[in-house]
Amino acid sequence: EAQVTQNPRYLITVTGKKLTVTCSQNMNHEYMSWYRQDPGLGLRQIYYSMNVEVTDKGDVPEGYKVSRKEKRNFPLILESPSPNQTSLYFCASSLRLFLTDTQYFGPGTRLTVL
Amino acid sequence: DQQVKQNSPSLSVQEGRISILNCDYTNSMFDYFLWYKKYPAEGPTFLISISSIKDKNEDGRFTVFLNKSAKHLSLHIVPSQPGDSAVYFCASQTGANNLFFGTGTRLTVIP
């Protein structure tokens, strides 16, 4: 089954404790991205990757890192999480970034930083 | 600054009636528009899209209308069904650039 998976689905952590949220897709997609969803703000892009070893900042990259060492994986790293990073996070992938390439989203990771 | 806006955070509609969800955008360079649907505890899923060269695209019960001069698009669902209850996001894109999402509208279809 074609899908985007994220782990963990739920995470409660404390300020400053490094964490990684994994994202994996099995569709051989070139393009992957991370979004955060906050009430009243919709989905905002954090980072994206056009292909292996090619990453770039989205709209709200501060406090986050990513890496794309393999085509299928695109982990999101919070080196020193803060309470304002409490949010619902979505990973997405698409074949490329052409207009007609549908983005497929993972199920989301709800992160709480205390 | 929000480039894609959904000014109605919520909408309630009776089953069988029409649901109309609205979206406004500010960037005249946007040339592709999409609607995503999101159920609780799931990621958004693609619903329907429209290119800027068209003013209407239809897929079953779902129709998207685009008014470029007003920078406005809308999603019509006819007839509405309880299973349509979800949060709907509109999104816009230009060229090979990233998607910009609206804030979402929560649709409730009342049986």
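Chain identifiers are assigned alphabetically (A, B, ...) following the order of the sequence lines, protein sequences preceding nucleic acid strands; residue numbering begins at 1 within each chain.
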(request) Answer yes or no: are there more than 12 heavy-atom neighbours, outside A:Arg96 itself, under 6.0 Å from its atom CZ? (result) yes

(request) Could you tell me which portion of A:Gln37 (side chain, backbone, both or neither) has an atom closer than 4.5 angstrom to a non-hydrogen atom of chain B? (result) side chain

(request) Pick one of side chain, backbone, both or neither for B:Pro9, based on which atoms fall under 4.5 Å of a heavy atom in chain A. (result) neither

(message) Taking side chain as everything from C-beta outward and backbone as N, CA, C, O, which of these in A:Tyr35 sits under 4.5 Å from a heavy atom of chain B? Side chain, backbone, both or neither.
(response) side chain

(request) Report the option among A:Gln103, A:Gln6, A:Arg9 that has the most heavy-atom pairs separated by less than 4.5 Å from atoms of chain B. (result) A:Gln103

(request) Would you check if the distance from the ring center of B:Phe62 to the ring center of B:His76 is below 6.0 Å? (result) no

(message) Assess whether a salt bridge exists between A:Arg44 and A:Asp59, defined as any Lys/Arg side-chain N lying under 4.0 Å from an Asp/Glu carboxylate O.
(response) no

(message) Salt bridge or not between A:Lys69 and A:Glu53? Use side-chain N to carboxylate O under 4.0 Å.
(response) no

(request) Determine the option with the most heavy-atom pairs under 4.5 angstrom with chain A, choosing from B:Ser51, B:Ser49, B:Ala41, B:Gly104. (result) B:Ala41

(message) Please determine whether a side-chain nitrogen of the Lys or Arg among B:Arg61 and B:Asp84 lies less than 4.0 Å from a carboxylate oxygen of the Asp or Glu.
(response) yes

